[in-house]
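Accompanying notes for the structure given below.
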Amino acid sequence: MLPSMQWPVTTRDLAPGDLKSTTLDLAQYDLASIRATNDPLFEPAYARLWEEFGPKDEMESRAVLDRRFHLGPRFFYEMALVRTAGVFAAVRDHTAALAGDGSHVVVHLSHNLVSPLARRTGLAGWMRALPIAAARQCLAANAAPPGAPITLLAEMEFPRPDDPPRLIRLQAYERAGFRKIDPQCVPYFQPDFRTPAVIDATGGPRPLAFQLLVRRVHREHERVIFGAEARQLVETLYDIYRPQFRPADLAHPLLSLDSYPPDNVMIPLVPPTQC
């Protein structure tokens with residue numbers, strides 16, 4: 001077994017609603033950070049994510065992730081694999097990215113999977129906090145102020161009464177302290193993740209409507225976000241995605257930010273389960 005690394009986050013990094021995770025003894029878990037596709041742990045970690053998200057067309061290919069590992073100093077992509085006594089416990093991946101103006105770091109929360117045996121133990125709270133460490137590494141790599149703001153950003157499907165697992169996920173993030181940027185004000189669309197061949201064979205790209213969940217670290221009590229910050233979050237997210245898409249596919253009108261509120265407009269941050 002490869003050596004475990006020390007957990008790079010502390011109880012201060014836990015979300016306000018995840019404080020019960022402080023009682024979990026992390027010493028029982030082996031944590032590994034994966035930073036390349038040739039890492040021996042990449043394949044078992046990727047296999048877990050693919051098994052869960054691949055059939056739903058929600059998992060990137062190995063080739064896309066290989067490019068993401070090499071995006072450059074502005075971006076920091078990693079997978080984090082957690083095991084206990086050699087048995088799978090959890091895996092997640094995320095990309096920390098310095099905002100275009102260098103003012104803060106945005107961490108895109110891609111996937112997070114906790115083993116059924118490790119659920120309700122408090123491990124999920126630590127997995128939600130782990131991307132903060134990636135943000136700090138991104139700040140250090142870019143010689144940015146260590147106290148610069150950090151925002152965790154997740155794309156989530158809208159709640160539906162006929163999809164209980166989706167509602168459970170949203171409730172978990174809501175209890176943790178994440179908020180949703182009001183989609184009535186900021187209509188966010190995710191680029192079309194289908195292959196170029198399928199896109200071309202079906203008449204062009206079809207961006208999907210998602211809601212944006214945020215945890216503005218140590219600002220979780222705030223209930224509004226200015227238009228300038230919301231726009232910058234989406235611009236940074238699209239910068240992460242840009243290398244894997246053809247320019248024409250990103251030029252779809254639904255991916256334009258022209259309709260977003262002006263910089264000085266306050267946008268409500270609402271509960272993730274709010275319809």
Side-chain angles (χ1 to χ4, degrees), residues 13 15 68 71-78 93-110 128-129 131-156 173 176-193 207-245 247 249-272:
D13 298 315
R68 196 168 290 173
L71 285 178
R74 184 188 164 200
F75 304 94
F76 183 93
Y77 173 69
E78 73 170 345
D93 67 332
H94 43 262
T95 306
L98 192 69
D101 64 358
S103 62
H104 71 285
V105 168
V106 179
V107 188
H108 175 223
L109 310 180
S110 297
R128 280 189 284 268
I132 295 174
R136 293 183 180 128
Q137 292 189 61
C138 184
L139 286 170
N142 290 277
I150 295 172
T151 300
L152 308 185
L153 177 67
E155 302 158 293
M156 292 280 190
Y173 277 85
F178 282 71
R179 304 291 290 186
K180 172 171 65 175
I181 300 176
D182 190 344
Q184 299 298 320
C185 302
V186 177
Y188 172 76
F189 286 83
Q190 184 187 74
D192 191 337
F193 273 80
L208 297 176
F210 276 80
Q211 52 185 358
L212 292 175
L213 272 58
V214 296
R215 178 190 168 197
R216 299 153 86 207
V217 179
H218 303 314
R219 294 186 293 160
E220 293 89 352
H221 62 283
E222 296 180 7
R223 292 296 179 261
V224 295
I225 184 173
F226 280 100
E229 185 178 349
R231 181 185 301 270
Q232 192 170 62
L233 292 177
V234 177
E235 287 175 342
T236 305
L237 180 53
Y238 284 169
D239 285 347
I240 294 171
Y241 282 148
R242 200 173 308 283
Q244 73 189 76
F245 289 99
D249 295 337
L250 288 179
H252 194 284
L254 290 176
L255 302 178
S256 171
L257 309 189
D258 290 346
S259 65
Y260 280 26
D263 289 355
N264 61 348
V265 169
M266 290 188 293
I267 302 165
L269 294 173
V270 300

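Note that this is a predicted model, so its numbers are computed, not measured.
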* Residues two or more places apart in sequence or in another chain: which of them pass side chain to side chain donor-acceptor pair (under 3.5 Å) with E222? -> R216
* Enumerate the residue pairs fulfilling side-chain hydrogen bond (donor to acceptor under 3.5 Å, both in side chains) with a member in residues 181-192, sequence neighbours excluded, ordered by first and then second residue. => E155-Y188, E155-Q190, D192-R194
* Using distance alone, with no hydrogens and no angle criterion, decide if H104 and Q232 have a side-chain donor and acceptor under 3.5 Å apart. => yes
* To do: Apply ring-ring contact (aromatic ring centres under 6.0 Å, His included) to F178 and list each qualifying residue two or more places apart in sequence or on a separate chain.
  => Y173
* Any side-chain heavy-atom pair of P131 and L109 under 4.5 Å -> yes
* Asked: Are the side chains of L233 and I225 in touch, meaning some heavy atoms are under 4.5 Å apart?
  -> yes
* **Heavy-atom pair of closest approach, residues A148 and L139** => CB-CD2, 3.8 Å
* To do: Could you pull out all residues at least two apart from R231 that satisfy side chain to side chain contact (heavy atoms under 4.5 Å, CB included)?
  => E235, L257, Y260, D263
* To do: Start with the C-alpha distance between Y238 and F189, add both sets of side-chain angles, then the distance that settles ring-ring contact (aromatic ring centres under 6.0 Å, His included), and finish with yes or no.
  => CA-CA 10 Å; Y238 284 169; F189 286 83; 9.9 Å; no
* Would you mind reporting whether R219 and T151 have side-chain heavy atoms less than 4.5 Å apart? => yes
* Could you tell me which residues satisfy side chain to side chain donor-acceptor pair (under 3.5 Å) with D258, sequence neighbours excluded, listed by chain and number? => S256
* Mind checking what makes salt bridge (Lys or Arg N to Asp or Glu O under 4.0 Å) contact with R68, not counting sequence neighbours? -> E60
